[in-house]
Amino acid sequence: MKAPTPKIFQTNDHSSKYRRGSANSQGCALYKTSWQVALPPRSSHSSPSPTSTTTIYSTAFSPKSSQPGTDGNPISYMVGCTSCSHIAVWGVGVHDTDGNCIESISLEQRGKRQSDVMNTNRATDPLFCVQVIPSGEATGKSKCLYDLQFIEMSNGDHLLLVSGDPGVLVYKWADFLAEVENVVDGDKKGLAQSSWTHHNKKQKQICDSASVGIQSKSLGVPLVAISPVTTFCPHPSPVLSFGEAIEINSTSYSRQDRILYGAAGDAFGCYQWDLETEKLLGSFGGMSGFWGDGHRDYLHSVKVVEESAGAGSNCVITGGEDGKMGFWDGKARRLIEMINIQSTLEKYKGLVTNEAQGKNFMGNSWSSLNNGTSSWVSSMSDNGDWLAVGGGTEGGYTSMTGKAVPNSAGFMTLWHLPTRTFTSGCVTRETINAVVYNPTIDSFVTGGNEGRISFWSSTTLVRERRSWNSPAATYSLSLDSGSGIMAVAGSGDLLDCFVHHTKTSHLHFSACSN
């Protein structure tokens with residue numbers, strides 16, 4: 001539930017990100033489903049553990065390791081951040097029943113071998129976890145981590161950026177790789193064997209013998225200590241009595257300008273940091289009621305569009321709780337255009353498909369938008385020429401009951417990036433929390449609060465198909481463009497791995513041990 005205090009300098013509400021609903025006992029946000037939520041088929045492997053209160057908010061595939069695996073291919077890893085202050089690292093690679101890595105098989109062969117891929121009743125635990133404890137705080141205090149990404153510096157080094165309640169934590173990926181070596185070579189806690197493939201085979205044996213469906217037997221995942229090289233924090237918030245800094249909801253890096261942008265939950269909007277000098281350069285896009293033409297509420301997302309893409313150089317796109325999308329000259333911190341998504345959908349009704357089935361957002365009456373409904377922009381992704389933007393709405397009443405009851409819907413919109421022109425949209429029954437472009441199938445993929453992911457045409461925004469996934473609410477979609485593997489994560493302790501439209505395997509976030 002949203003806090004009654006106005007959000008002037010901070011969100012003051014960790015549960016409001018993507019309207020996630022109430023929080024658990026640790027103060028970590030949980031998902032909220034709509035009143036008309038679709039349920040997946042009932043089976044032993046269709047949903048996470050009923051006792052799990054973990055939410056995996058973001059995942060990313062690592063750069064390929066220079067050290068080849070036993071099959072001769074470079075090894076990559078999956079990294080995820082959670083609502084309980086953990087950064088988890090898994091080895092990735094979809095394996096068939098013989099233990100052969102599907103990454104070494106062509107896309108055409110993958111399509112022919114869908115029946116041979118790894119049994120979805122098996123799940124793989126992390127190699128290890130890192131718990132984030134901000135300096136000066138008690139070890140038992142959880143901090144939600146909302147976003148992570150890998151970036152490559154000018155000297156070729158790779159950094160892992162993790163953002164959330166502690167701000168932006170900057171890690172050297174080499175430190176994580178060194179810990180992977182320690183875990184594997186030392187056979188720590190009996191978790192790892194001499195190679196990544198052997199580790200997967202051991203996991204498969206344990207899951208088969210335990211007969212516990214999708215939940216793998218806990219192996220005591222090591223909890224290791226890795227310190228960030230630096231931490232970026234937004235301005236201290238005067239709303240909190242101790243002046244604690246507020247959360248960074250997402251980040252994006254400009255390779256051209258070597259600037260890191262952070263979408264913050266305060267009135268200052270989008271922050272700029274120089275990674276090389278570790279200095280704050282400024283902020284822009286804050287509340288327009290106080291400072292110019294910015295957003296009227298805090299930011300959920302930020303995306304840098306490189307010069308090679310259609311929007312030109314220095315273009316930074318922001319999405320906020322106010323339902324607006326801002327285009328900025330990032331280096332100059334100057335507004336190019338601010339677009340109200342809700343007003344655009346009303347204006348171009350002929351280009352919008354309505355799947356909300358009587359919900360208040362663009363239901364039977366377009367005027368219902370003025371009936372207490374609020375919208376927000378949660379995620380965006382582009383393929384160079386086209387920008388897909390998703391989000392949600394809540395409030396007002398349902399046209400089916402005529403009563404003021406809690407209600408939510410969502411939207412998916414497509415924009416021609418060079419001209420910033422709206423071309424098509426869809427009002428969805430589910431709220432859209434995550435959007436990613438998958439080039440291997442030339443589709444935008446979305447995830448929301450209905451336990452399914454959707455595949456959309458990249459130029460016409462036609463929903464081509466849907467697939468069930470394990471998280472009841474999806475908050476993260478990440479892609480390994482080299483292998484075509486897509487990871488789906490969200491509420492609960494399971495991540496799904498997809499190849500094309502097919503779920504092929506699972507990763508499992510299990511309890512860690514010291």
Side-chain angles (χ1 to χ4, degrees), residues 56 58-81 87-96 99-107 109-110 117-118 122-130 147-153 156-162 171-185 191-204 221 224 226 253 436-441 445 476-489 494-500 502-509:
I56 302 171
S58 184
T59 58
F61 287 85
S62 74
K64 298 292 184 182
S65 171
S66 58
Q67 298 287 334
T70 56
D71 57 3
N73 290 319
I75 299 174
S76 62
Y77 301 90
M78 164 69 70
V79 184
C81 60
I87 304 170
V89 179
W90 296 265
V92 296
V94 181
H95 291 72
D96 61 22
N100 299 315
C101 184
I102 294 180
E103 283 194 32
S104 62
I105 301 174
S106 67
L107 292 176
Q109 289 173 314
R110 284 183 199 147
V117 296
M118 182 175 170
R122 304 184 180 98
T124 302
D125 282 332
L127 294 171
F128 64 88
C129 292
V130 176
D147 183 67
L148 57 79
Q149 65 165 306
F150 287 93
I151 64 171
E152 183 176 1
M153 302 298 289
D157 291 343
H158 289 95
L159 300 179
L160 173 63
L161 308 182
V162 183
Y171 294 91
K172 287 184 178 180
W173 178 236
D175 293 341
F176 281 75
L177 291 179
E179 194 59 47
V180 169
E181 270 190 52
N182 293 336
V183 171
V184 173
D185 293 344
L191 175 65
Q193 298 298 308
S194 59
S195 71
W196 180 201
T197 302
H198 289 163
H199 169 69
N200 269 331
K201 287 183 176 180
K202 184 177 180 66
Q203 289 285 350
K204 289 155 68 176
V221 175
V224 304
I226 299 178
Y253 180 65
V436 71
Y437 175 67
N438 188 333
T440 61
I441 54 176
V445 186
S476 174
L477 297 166
S478 58
L479 184 76
D480 182 15
S481 56
S483 66
I485 301 173
M486 182 177 66
V488 181
L494 286 177
L495 300 85
D496 294 333
C497 293
F498 281 76
V499 176
H500 290 183
T502 304
K503 186 192 305 182
T504 58
S505 58
H506 296 282
L507 301 177
H508 174 240
F509 177 77

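Computation of the quantities below employed the complete heavy-atom set of this structure, encompassing side-chain atoms and omitting hydrogens, waters and symmetry-equivalent molecules.
- Under the 4.5 Å side-chain criterion, counting only non-hydrogen atoms from C-beta, Phe128 is in contact with Val180.
- A pairwise comparison of heavy atoms in Lys503 and Phe498 identifies N-CD2, 3.5 Å as the closest pair.
- Asp157 CG to Lys172 NZ: the interatomic distance, rounded to the nearest 0.5 Å, is 7.0 Å.
- One finds the CG atom of Leu159 at 10.0 Å from the CD atom of Gln149 (value rounded to the nearest 0.5 Å).
- The NE2 atom of His500 sits 5.0 Å away from atom OG1 of Thr440, with the distance rounded to the nearest 0.5 Å.
- When side chains are defined from C-beta on, Glu152 does not count as touching Tyr253, because their heavy atoms never get closer than 4.5 Å.
- Scanning all heavy atoms of the two residues, the minimum distance from Trp90 to His508 falls at NE1-O, 3.1 Å.
- Shortest non-hydrogen contact noted between Cys497 and Ile485 is CB-CG2, 4.2 Å.
- Of all non-hydrogen atoms in Phe150 and Phe61, the two that sit nearest each other are CD1-O, 3.4 Å.
- The nearest pair of heavy atoms linking Ile87 to Val79 is CG2-CG1, 3.6 Å.
- The CG atom of Asp125 sits 10.0 Å away from atom CZ of Phe509, with the distance rounded to the nearest 0.5 Å.
- Taking 4.5 Å as the limit, some side-chain heavy atom of Asp496 sits within range of a side-chain heavy atom of His506.
- The minimum heavy-atom distance between Leu148 and Cys81, with the atom names listed, is CD2-N, 3.6 Å.
- Counting heavy atoms from C-beta on, the side chains of Val436 and Ser478 never come closer than 4.5 Å.
- In this structure, the separation between OG1 on Thr124 and CE on Met78 is 11.5 Å, given to the nearest 0.5 Å.
- Expressed to the nearest 0.5 Å, how far OG1 of Thr59 lies from CG of Leu479 amounts to 10.0 Å.
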